[in-house]
Chemist: 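Below: one structure in structure tokens.
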Amino acid sequence: MSFSDGDDEMEMDFLRDRYEDSRNYEVFLSFRGEDTRASFTSHLYAALQNAGIFVFKDDESLPRGRQISPSLRLAIEQSRISVVVFSKNYAESWWCLKELEKIMECHRTIGHVVLPVFYHVDPSEVRHQRGDFGEAFRRLSSKISNEIEEKVLDWKQRWRTVLGETIEEKVLDWKQSWRTALGETNGFYSRIEELENIVLKNWKEELAEAAQISGVVDVDPTGKMKIADEIDSLVMHWMNGLRTGVEIPIREMKTEDRTDFLLKQWREVFCEPVSISEVAFLDPRAEIANVIDFHVKHCREALFEAAGISGGAVLNSWWEILDLMNHWRDKLFEASGISGDNKQLSSREIEIEELLESWRQELYDALQNSIGAVDNSAGSVDNSAGAVDNSAGAVDNSTGAVFESRSLKKLKAYNRIESLLNHWRMALCEAVAISRLVAQHYRGIKDNEINYLVKHAGDTLCEAAGISGVVILNSGNESEAVKNIVKNVTSLLDKTELFVANNPVGVESRVQEMVQLLEQKQSNDVLLLGVWGMGGIGKTTIAKAIYNKIGRNFEARSFLADIREVWGQEAGHVCLQEQLLFDIHKENNTKIHNIESGKIILRERLRHKRILLILDDVNKLQQLNVLCGNREWFGSGSRIIITTRDVHLLRGKRVDQVFSMKGMDVDESIELFSWHAFKQASPKEDFIELSRNVVAYSGGLPLALEVLGSYLFDMEVTEWKIVLEKLRKIPNDEVQEKLKISYDGLSDDTEKGIFLDIACFFIGKDRNDVIHILNGCELFPENGIRVLVERSLVTVDDKNQLGMHDLLRDMGREIIRSKSPMELEERSRLWFHDDVLDVLSKETGTKFIEGLTLKLPISNTKSLRTKAFMNMKKLRLLQLSGVELVGDFEYLSKDLRWLCWHGFPLAFMPKSFYQGNIVSIELENSKITMMWKEAQLMEKLKILNLSHSHYLTKTPDFLNLPNLEKLVLMDCPRLSEVSYTIGNLTKVLLINFQDCIGLRNLPRSIYKLKSLKTLILSGCLKIDELEESLEQMESLTTLIADKTGITRVPFSVVRSKSIGYISLCGYEGFSRDVFSSIIWSWMSPVNSLSSRVQTFVDMSSLVSLDVQKSSSNQLSYLSEELPKLQSLWIECGSDLQLSRDTSSILDALYATNSEESESSGTTSQMQNVFTLIECNSSSKRFEKTLLIQMGTSWEITHILKQRILQNMTTSEGGDCLLPGNCYPDWLTFSSKGSSVTFEIPRVNGRNLKTMMCHTHYSSSENITSDGLKNLLVINHTKTTIQLYKRNALASFEDEEWQRVLSNIEPGNKVQIVVVFWSGLTVNKTTIYLIYEGIDEKDHAPNLNVPSDESSPRVESMEDLRGVSVKSLTKSLLNKLSSCTYCCKLKLEKKNKG
């Protein structure tokens, strides 16, 4: 079904030209108006607009007068995203379905993003058109049928009107034509013909216009000529009939009256009774003719009655016939010049008499028969008259002028009536033909639209509903759903703008100034702009605003925030480089190992793109060298903005321009201050002068204005005056002291203590973790942190991490320092490493110290004595890194709440170290092997983080940690045991075992945890299953277990009612989005993954590894697990990789010498695959042969196996006679040892169906089993390795064998390797290939004729025709067993050579 017609396309072209320079819409909303326009869609539309997204919504966005179809199509094409709101009645709208068709077309062709929203409908109902949604879909079909019928009725009425009523006007015009012609003296006939043609032309145009309305001419161009011809014929027959009819002697009517009478007959008798719609669908060869003849009969009777012809006869008696004959005789004699007095008849007279006699006889016969026969008689008379040369013409001419008898008039009237009826009958047939064509056209439209609806629209709905979207099944979560949709759309549009300020006073003017500087150079040049100013002046704020304003004009953009802070962190240099790379290329697969390699990667990856890069808070020259080495790093037109407090970094032509940040002027300062102090743009009347005083003390510093304004909010005038009095004592240039006013305004000491703890220890820490720790200190942090956020002293970012402006941080630390500027040991908190080292090395610590942090490089570990902590009785917070403590740990404070010790140097926690009050233990990168040798009851411990402890082998006993809420053991490679007591953690919320590659399984007790919300197992390569009891974890909302050995998503995951987010077995996302795909995967027997290790068939372990990019270490780790794999499929990237991997795999297999107990398949399966034969041997060694069938069992494999076994005899020399000596050598490949390499022959019309691997081996001891461990199929052409364990082969069904052999094609170089237990020696290995006809199932292969030199082709197979499969097989194998055939074949090949 076409979406638009030619006019739409022309308008589309016009609209594209009109709007080609601007992308008008970002999001297109498709919805069913009557369902959601006033509710959900209205809310969603408003939310999207509030988010700064330009949305197309048809009842809001279309200008009046514009055709909606082309406008909609253009809006869809130019929008980046379509949000389709599927509601219950969506499918009842043909317009909605056409919108959806265009949306999905753009989705397929130009990558248009589609976001479905299922509003009160289930996605499966939309996908399969079921339920209420399906009912609406079916209602549309009925609606289409009804609309088409209405169109047919409308067209019928118009067509009847044109045929019947408008003809009156044409007759009047025709009459006038006659009058006009009669009034002219010359050229009457040519004039009347000219006027008639004009009248008829006008009627033709009206008829054509009526036919054109249906659209059939446009849709079917071939019908245009057909309709035109039928209209011409219709008008011609109608006019000829009218011309004949006006000459009918209808009583004493005048010509004009006759015309009116005939017109009435046409309109009432022909047009009215015959229903156009009914005629249109009848068979023209049968019923239509009967219907028309029926109405013609009624018209004939009316005309006969009007002409005085009763009963249907025109000649009433024999006498009237004789009278007519006499009249015709006289006229014929007169015309022939014959006198009536001549008594002797001439030959001409005799001829006339004979002619008259024949006429008389025919008229007499007609008198005896019906009216129809009279008609025929009249025709015969006419024909006979024509046969008498000119005499007939004379009779014909004399008939109207001379013959006045009553009977002749009747005959004349009868003939003209029949001629009229014949013409009009033909005209009506043409009208019916046109009606039929139009009706068929409408019926075709209906059929096409219904077929489109059922097939194409149904497929489009299925496709759209298959895209992951948002499901809203009840009205309770609409608000949250709208937020999620807006968030999703914003992310897809890259609309994630940076937060600038709640009240961006003065920002726009500064942004404009900087934009002008950025545009000074030509657009193709790379420009660097430095922004310099003191802390808190607004450098970062302006940089964010510029990022938002012009960022989308670039191919990519990146904002690297807090570079100074991140740079000081461990691996911070590389983190910044990786963040920059991710921002520009939106991928995190590239890992940077050090800053030098990072510089090379950035230079190569950035120089092809025009980017906007903002480096915020740079304080070292090295940072610039690492993140933006020089201009050549960036694509032409790139812009780099650098904010810093140190103008020295911007000198020496390192940047093109330096923008010096200035403080706010008085008006800007008053406005910004007023927004925070009064929540309005100007001060209240009583506070105007006081506000000016505060602004003066703030010195135009935005941060001070915000902090002081927030502090003074809702205070009385007297309180303001006290604050101002205090401000006057602080010098204007001492910004930190100004900020201290907000600190002094905190209501109690707990809030102040929280602020100081955050300033010294917890910036960048998780808010929830800090709340746990400070709760242990009884500081009530939930309320305290809330107050600090309200007073703009602390921030919480979208990752729930605490933040603080540098000036506020420094101000807090200065508060601590100022209380004891000279006596370090009397300060409450120590953070500066020189001060800490001084106190610890001199062991001068006192009871005043509540918190201490000392972070030294791990490479330069400092050793200190525990005795230095002896007097720190109130020490609550201890953070160490790169420090060793020597001595008795009993000296550490018993009030300790937080122990953060990166690089903890001991193998376990000392027994003397009291930890009963600790809330959080963080021992990352420690050397700990086990947490406690002797467990302590730690009822207050809520957080235990031992991440990156590479020597940790097992978890602690969790019985002594009853209140633990967060267990983080990331990257503990030697961790192999998780205590079963983990099931006793009744309050745990998070467990993280990420990258614990040595962990093989989880204790079953873990599945009993009712409180656990997040479980992370990603990177635990050896964990290969999750138990079905996982669904008992009723609070589990997040399960992340990617890159593990788990091969199949457990049913319990899908059955879980709590899991909301999952990352497992390649499925990642919200459960509602991925569960359908997981269920589908369960129904798919094979999940092919290219360039990855694959395992099939009852695997005990699964490894998923990109071999082409794997390192030797990864392969070495994989090799340790190879003996446990049931099956393995590796696709290598090169011959070198294939060779290396093959060697590694074989080394790993041979390294496992012990005999393994195999859980084999069924007995019948084993008999099909393995056949063990004892060989007689004269030596002391025990010799056996093993026949391995690789492929489907069929008639010839059974016979061939039987013949091979019959030939297993021993020669006098003690060697086994192998059947390879008799089987065709071009299908037999042998080699000494356990490996055979060969090239697969090409056999015309045949496919490789089965391979027989026959191995002869020996041992010093008599073993009862066959001793086979593994079998490898190596395809050197395709660089693939297939590895199968013995019991896997034993359990293979036909489907698995087909998958094995499908990787082997003619011309491939293949190697088969068998691996036996230690102590078994493989003497010889032989491979037999068995082929099956492509078009013949269970037929024996033609092994008679070899192919050509390289990959031989079988010749003609005529010799096989007519031979039964059974007889051919037996005959062939008999030849093989006698070896005569093989010898003959070898001789023939030798002769050919």
Chemist: Using a cut-off of 6.0 Å, state whether more than 12 heavy atoms not belonging to Lys752 lie near its atom NZ.
Modeler: yes
Chemist: Mind checking whether Ile758 and Leu788 have side chains closer than 4.5 Å, heavy atoms only?
Modeler: yes
Chemist: If you draw a 6.0 Å radius around CD in Glu778, do more than 12 non-hydrogen atoms from other residues or ligands fall strictly inside?
Modeler: no
Chemist: For Trp831, look at atom CH2 and say whether over 12 heavy atoms of other residues, nucleotides or ligands are found less than 6.0 Å away.
Modeler: yes
Chemist: Do the charged groups of Arg817 and Glu814 touch, with an N to O distance under 4.0 Å?
Modeler: yes
Chemist: Could you tell me how the ring of Phe559 sits relative to the ring of Tyr547: parallel (under 30°), tilted (30 to 60°) or perpendicular (over 60°)?
Modeler: perpendicular
Chemist: For His573 and Trp567, take the angle between the two ring planes, folded into 0 to 90°, and tell me which bin it lands in: parallel under 30, tilted 30 to 60, perpendicular over 60.
Modeler: tilted
Chemist: Given 3.5 Å as the limit, does a donor-acceptor pair link the side chain of Gln577 with the main chain of Ile595, or not?
Modeler: yes
Chemist: Kindly check if the number of other-residue, nucleotide or ligand heavy atoms within 6.0 Å of NZ (Lys684) is above 12?
Modeler: no
Chemist: Between Glu555 and Arg610, does at least one N-O distance fall below 4.0 Å, as a salt bridge requires?
Modeler: no
Chemist: Counting N and O atoms only, with roles assigned by atom type, does the side chain of Asn50 sit under 3.5 Å from a partner on the main chain of Ala46, one being a donor and the other an acceptor?
Modeler: yes
Chemist: So does Asp656 pair up with Arg631, basic N to acidic O under 4.0 Å?
Modeler: yes
Chemist: Do side-chain atoms of Ser920 reach the backbone of Trp898 as a donor and acceptor pair under 3.5 angstrom?
Modeler: no
Chemist: Counting only N and O atoms by type, is there a donor-acceptor contact under 3.5 Å from the side chain of Thr644 to the main-chain atoms of Asn619?
Modeler: no
Chemist: Main chain of Val505, side chain of Asn503: is a donor-acceptor contact present, judged purely on distance under 3.5 Å?
Modeler: no
Chemist: Answer yes or no: does atom CD of Gln512 have more than 12 heavy-atom neighbours from other residues, nucleotides or ligands under 6.0 Å?
Modeler: yes
Chemist: Around atom CZ of Phe780, are there more than 12 heavy atoms from other residues, nucleotides or ligands closer than 6.0 Å?
Modeler: no
Chemist: I'd like to know if the side chain of Trp720 and the backbone of Leu712 have a donor-acceptor N/O pair within less than 3.5 Å.
Modeler: yes
Chemist: For side-chain contact (heavy atoms from CB on, under 4.5 Å), just list the numbers for His676 and Leu705, CA-CA rounded to whole Å, side-chain angles, deciding distance to a tenth of an Å, and then say yes or no.
Modeler: CA-CA 8 Å; His676 288 273; Leu705 293 166; over 6 Å; no
Chemist: Quick test of your reading of the model: are Asp617 and Lys539 salt-bridged, counting only N-O distances below 4.0 Å?
Modeler: no
Chemist: Under the side-chain contact (heavy atoms from CB on, under 4.5 Å) criterion, do Glu578 and Leu581 qualify, and how do the steps go?
Modeler: CA-CA 5 Å; Glu578 289 180 343; Leu581 195 61; 5.5 Å; no
Chemist: With the threshold set at 4.0 Å, does a side-chain nitrogen-carboxylate oxygen contact exist between Glu668 and Lys662?
Modeler: no
Chemist: Just say parallel, tilted or perpendicular for the rings of Phe673 and Phe678, cut-offs at 30° and 60°.
Modeler: perpendicular
